Amino acid sequence: MKLEKLVGDRFKEKPADCIIDSHALMIRGGYIKYVGSGIFSLYMPLKRIARKIEQIIREEMDKIDGQEVLFPVVMPAGLLEESGRYTSIGKELLRFNDRNGNPYVLGMTHEEASVQMVREYGQSYAKYPFMIYQIQTKFRDEARPRAGLIRVREFTMKDAYSFHTSQEDLEAYYARCHQAYERIFQRTGLKNVVSVASDSGMMGGNVSHEFMLLTPIGEDSIAICESCGYRANLEAAESITENRRDEVSHPLTMVYTPHMQTIENVCNFLHADVKKSCKAVVYQRNSDNKYIILFLRGDLEANETKITNYLGCEIHPALITAESGINAGYIGPVNLQADAIVLYDMSLANANNVCCGANVEEYHYTGLDMQRDIQNAEYHDFAKAKDGGICPHCSAASLHISRGIEVGNIFQLGTKYTASMNMSYIDQDGQIKYPVMGCYGIGVGRLAAAICEESHDEYGPIWPLAIAPWQVHLCAVRADDAQVKEYADALYEQLQNAGVEVIYDDRSVSAGNMFSDADLLGVPLRVIVSPRNMKQNIVEVQSRDKSMKETIRLENALQGIQDILKQLR
RNA sequence: CGAGGUGUAGCGCAGCUUGGUAGCGCGUCUGGUUCGGGAUCAGAAAGUCGCAGGUUCAAAUCCUGUCACCUCGACCA
């Protein structure tokens, strides 16, 4: 490929809207063309990068017995109605009507399509397990696209769906897929990737992991324990932080008071101002036989479990539920003594089911001296770990918060889709059962942007060889010099014939211009032919990351370049 | 959806307060001199000033409405 004919402009000025480097470099380097909010066209260099990433993904998916298929982008609404997601998913699902007024959607993920595809096929246990995947355009009507290719609305994604006859089999396959993902990121040259436990969100299911590129510009926060290696997305956070009262920022706050509280007092305390329905749960600690009272509003079963696990306590038989207008008498045993109170205020909750209990002083407390108790209390935030927080696994105060970009994720879905869409098989024992599913995604464009973000300098991206748009960038400095032109042309031919992917710059532009463009294209190996070098009978070879710079004699150039490429690999 | 901001040539911006011939830099095109880190000189092309309505002799500029985009937050398979 001759650079002169490469479609797309490269330029010096950083566009005003680009907040992160990868975005700016991809615009400046002629990789992407902005079309609309969260919508981009790809020029040839990025398309080539994407193709190489896709090929790596494909090979690794095939290695774990994946079968590449293709689902439709446009799906009838009825398909998503089967699983209930047509109504449960919000506005990120783009809905529209065809000419007859029938409702359709643009695919944002393809669990339903995958189940629909294999529902008839998978009627016997003998067909399992199997995995199907596709690499295809998705559309998600994100509320706020940002940061170039990091968060877009239309994007290419590899999504895979596996089907199993048991949870054990799913878990074994899930582990294989986890390893395949590690290989994929390693092969693409991405270094700083970790997998973290995550929140399953709208996908349903229980176990899931996100693969995060650790970078300060990431939009997710991750808690990482430096002593035991525990890692989790902050959204999924089973973590606890000890705070001073003035630092309590979080939602789910447990207040230990040094003074005994009776349930009656606490209930009075709540009764004064809490108007919403509220569930008070008494927990009994196994170890010390002390009580903890939790006040929960709303449907917070998941968090109750989380708290129970952390405290190592069980729900006391004196479980109390009260509707608005809590009445101490109604609530029951009033002499139980508690040494901790968890205030859980759903009125401030967000979708992560965490909420703010920091406003305790706003309540009117009619019992003991709550104000004093609060002043003297220990505060623990659940769910939102802070730097230096307590690790829920090893209990060391060694939690560290990092930022990350999610470049892949894997979920154990269970039977959510197979059951709702009535996909069943007959098992060995003659019983009709629902298969359990896993699903596994990687965003191709986001991965490319993440690699650019991790590997660039002020002049441009530094693409790893495995995904670089070309392997060699051949510069003919002073292409108007006949000798230079003749030699460079010949070398270009030789390299191509040898199967080397080469971008050839024989434009009559200044060397500075040429080198700047080469930096923006980020090709790993640069070969420079110039009058100066010709005089010495050499070509100059240097790596894009500036770590290597060598000269090769003219007659050995082809072999020398191939040898260096092998070393880079 | 909440808060803030921006729409003027392909890109980056000035002009708006105080209404009066559409400006600058980069890029693009032509020609010259240059040539190892975005050279330089001369010349040229290119803009419905986001859109609609209003005020006015006259609107990029003032008023009203509207749309789009960006940032922060909310949300996020």
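So that the names make sense, note that chain A is the first sequence line, chain B the second, and so on, each numbered from 1. These figures come from a predicted structure and were not determined experimentally.
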Peer 1: Could you please name the option among B:C11, B:G37, B:C76 that lies closest to any side-chain atom of A:Phe11?
Peer 2: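 Selected nucleotide (nearest to the side chain): B:C11.
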Peer 1: Please determine, for B:A68, whether a Watson-Crick or G-U wobble partner exists with both distances under 3.5 Å, and give it or none.
Peer 2: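 Base partner found: B:U6.
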Peer 1: Would you mind pulling out the nucleotide paired to B:C13, Watson-Crick or G-U wobble, both distances under 3.5 Å?
Peer 2: B:G23
Peer 1: Cut-off 3.5 Å, no hydrogens considered: what does the side-chain donor-acceptor table look like for residues 442-452 of chain A, sequence neighbours left out?
Peer 2:
unit_1   : atom_1 : unit_2   : atom_2 : d
A:Arg446 : NE     : A:Ile150 : O      : 2.7
A:Arg446 : NH1    : A:Glu406 : O      : 2.8
A:Arg446 : NH2    : A:Ile150 : O      : 3.1

Peer 1: Figure out the CD/P separation between A:Glu154 and B:C76, and round it to whole Å.
Peer 2: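 Going from CD in A:Glu154 over to P in B:C76 covers 22 Å.
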Peer 1: Contact class for A:Arg526 (heavy atom, under 4.0 Å): base, sugar-phosphate, or nothing?
Peer 2: base
Peer 1: Considering every strand and a 4.0 Å limit on heavy-atom distances, what is the contact class for A:Glu406: base, sugar-phosphate, or nothing?
Peer 2: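 It contacts nothing in the nucleic acid.
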Peer 1: Provide the full list of salt bridge (charged side-chain N to carboxylate O under 4.0 Å, His left out) pairs with a residue in residues 64-78 of chain A, sequence neighbours left out, each pair given once.
Peer 2: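 Listed once each, the pairs are A:Arg58-A:Glu68, A:Asp65-A:Arg176.
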Peer 1: Figure out the NZ/C1' separation between A:Lys485 and B:C35, and round it to whole Å.
Peer 2: 17 Å
Peer 1: Can you check the A:Arg478 CZ to B:U34 P distance for me, whole Å?
Peer 2: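 Roughly 10 Å, once rounded to whole Å.
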Peer 1: Roughly, in whole Å, what's the span from CD1 in A:Ile27 to C1' in B:G12?
Peer 2: 14 Å
Peer 1: Heavy atoms only, 4.0 Å cut-off, all strands: where does A:Asp159 land among base, sugar-phosphate and nothing?
Peer 2: nothing
Peer 1: Please report the distance separating the P of B:G10 from the corresponding atom of B:G31, rounded so that it comes out in whole Å.
Peer 2: 24 Å
Peer 1: Rounding to the closest angstrom, what is the interatomic distance between B:C16 and B:U61 at atom P?
Peer 2: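 After rounding to an integer number of Å, I get 13 Å for this pair.
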Peer 1: Find every protein N or O atom lying less than 3.5 Å from an N or O atom of nucleotides 26-29 of chain B, and list the pairs.
Peer 2:
unit_1 : atom_1 : unit_2  : atom_2 : d
B:C26  : O2'    : A:Glu13 : OE2    : 2.8

Peer 1: What is the pairing partner of B:G73, taking Watson-Crick or G-U wobble pairs with both distances under 3.5 Å in any strand?
Peer 2: B:C1
Peer 1: Give me the distance, rounded to whole Å, that separates B:C70 from B:U33 when you measure between the C1' atoms they each carry.
Peer 2: 44 Å
Peer 1: Roughly how many Å apart are B:C76 and B:G53, using the P atom of each and rounding to a whole number?
Peer 2: 42 Å
Peer 1: Using side chain to side chain donor-acceptor pair (under 3.5 Å) as the criterion, list what pairs up with A:Glu112, not counting sequence neighbours.
Peer 2: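 Side chain to side chain donor-acceptor pair (under 3.5 Å) list for A:Glu112, sorted by chain: A:Ser83, A:Arg85.
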Peer 1: Whole Å only: how far is the CD atom of A:Glu458 from the C1' atom of B:G38?
Peer 2: 13 Å
Peer 1: Report the distance from atom CE of A:Met157 to atom C1' of B:C76, rounded to the nearest whole Å.
Peer 2: 13 Å
Peer 1: A:His456: which residues meet the side chain to side chain donor-acceptor pair (under 3.5 Å) condition with it, sequence neighbours left out?
Peer 2: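 Here the qualifying residues are A:Asp21.
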Peer 1: Tell me the partner of B:C49, counting only Watson-Crick (N1-N3 plus N6-O4 or O6-N4) or G-U wobble (N1-O2 and O6-N3) with both under 3.5 Å; none if nothing fits.
Peer 2: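 For B:C49, the partner nucleotide comes out as none, under the 3.5 Å rule.
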Peer 1: Between B:G5 and B:A59, how far apart are the two P atoms, rounded to whole Å?
Peer 2: 28 Å
Peer 1: For nucleotides B:G50 and B:G7, find the distance between their C1' atoms and express it as a whole number of Å.
Peer 2: 6 Å
Peer 1: For the residue pair A:His209 and A:Tyr174, categorise the inter-ring angle as parallel (less than 30°), tilted (30 to 60°) or perpendicular (more than 60°).
Peer 2: tilted
Peer 1: Could you give the distance separating B:G25 and B:G19 at their C1' atoms, to the nearest angstrom?
Peer 2: 27 Å
Peer 1: With sequence neighbours excluded, tell me which residues meet salt bridge (charged side-chain N to carboxylate O under 4.0 Å, His left out) with A:Glu454.
Peer 2: none
Peer 1: When rounded to the nearest Å, what value does the distance between P atoms of B:G27 and B:G38 take?
Peer 2: 12 Å
Peer 1: How many whole angstroms separate atom CD of A:Glu540 from atom P of B:G37?
Peer 2: 11 Å
Peer 1: Quick one: salt bridge (charged side-chain N to carboxylate O under 4.0 Å, His left out) pairs with a partner in residues 523-535 of chain A, sequence neighbours left out?
Peer 2: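 For residues 523-535 of chain A, and leaving out neighbouring residues, the salt bridge (charged side-chain N to carboxylate O under 4.0 Å, His left out) pairs sorted by first residue read A:Asp519-A:Arg526.
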Peer 1: Under a 3.5 Å cut-off for both distances, is B:A44 Watson-Crick or wobble paired, and to whom?
Peer 2: B:U28
Peer 1: Enumerate the residue pairs fulfilling salt bridge (charged side-chain N to carboxylate O under 4.0 Å, His left out) with a member in residues 506-517 of chain A, sequence neighbours excluded, ordered by first and then second residue.
Peer 2: A:Lys2-A:Asp506, A:Arg10-A:Asp517, A:Lys485-A:Asp506, A:Asp505-A:Arg507, A:Arg507-A:Asp517
Peer 1: Taking only the side-chain nitrogens and oxygens of A:Ser510, find out if one of them lies under 4.0 Å from OP1 or OP2 of B:A39.
Peer 2: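 For B:A39, OP1/OP2 do have a side-chain N/O of A:Ser510 under 4.0 Å.
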Peer 1: Listed by chain and number, what are the side chain to side chain donor-acceptor pair (under 3.5 Å) partners of A:Gln542, not counting sequence neighbours?
Peer 2: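 If we apply the side chain to side chain donor-acceptor pair (under 3.5 Å) test to A:Gln542, skipping adjacent residues, there are no hits.
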Peer 1: Does the side chain of A:Ser162 reach to within under 4.5 Å of the side chain of A:Leu170, using non-hydrogen atoms?
Peer 2: yes
Peer 1: Please report the distance, rounded to the nearest Å, between CD in A:Glu92 and P in B:C1.
Peer 2: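 Roughly 14 Å, once rounded to whole Å.
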Peer 1: What is the per-nucleotide protein-contact pattern of nucleotides 66-73 of chain B, from the 5' end, where B denotes a base atom under 4.0 Å from a protein heavy atom, S denotes such proximity for sugar-phosphate atoms only, and - denotes neither?
Peer 2: ---SSSBB
Peer 1: Start at the 5' end of RNA chain B and walk down; is the nucleotide closest to A:Lys33 or to A:Asn513 reached first?
Peer 2: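 Closer to the 5' end of RNA chain B: A:Lys33.
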Peer 1: Pick out which of A:Tyr161, A:Tyr173, A:Phe163 makes a ring pair (Phe, Tyr, Trp, His ring centres under 6.0 Å) with A:Phe130.
Peer 2: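 That would be A:Phe163.
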Peer 1: Expected output is a numbered-order residue list: members of residues 514-521 of chain A with a heavy atom under 4.0 Å from any atom of RNA chain B. What is it?
Peer 2: A:Phe515, A:Ser516, A:Asp517, A:Asp519, A:Leu520
Peer 1: Can you tell me the base-pairing partner of B:A58? Count Watson-Crick or G-U wobble geometry only, both distances below 3.5 Å, and say none if there is no partner.
Peer 2: none
Peer 1: Which residues satisfy the side chain to side chain donor-acceptor pair (under 3.5 Å) test with A:Ser420, sequence neighbours excluded?
Peer 2: none
Peer 1: On the 0 to 90° scale, with breaks at 30° and 60°, tag the A:Phe211-A:His178 ring pair as parallel, tilted or perpendicular.
Peer 2: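 It falls in the tilted class, 30° to 60°.
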Peer 1: Measure the CD-CD1 distance between A:Glu550 and A:Ile564 for me, rounded to the nearest 0.5 Å.
Peer 2: 4.5 Å
Peer 1: In the strands shown, is B:G38 matched to any nucleotide by a Watson-Crick or G-U wobble pair with both distances under 3.5 Å, and which?
Peer 2: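 Checking every strand shown, B:G38 finds no partner, since no pair has both distances under 3.5 Å.
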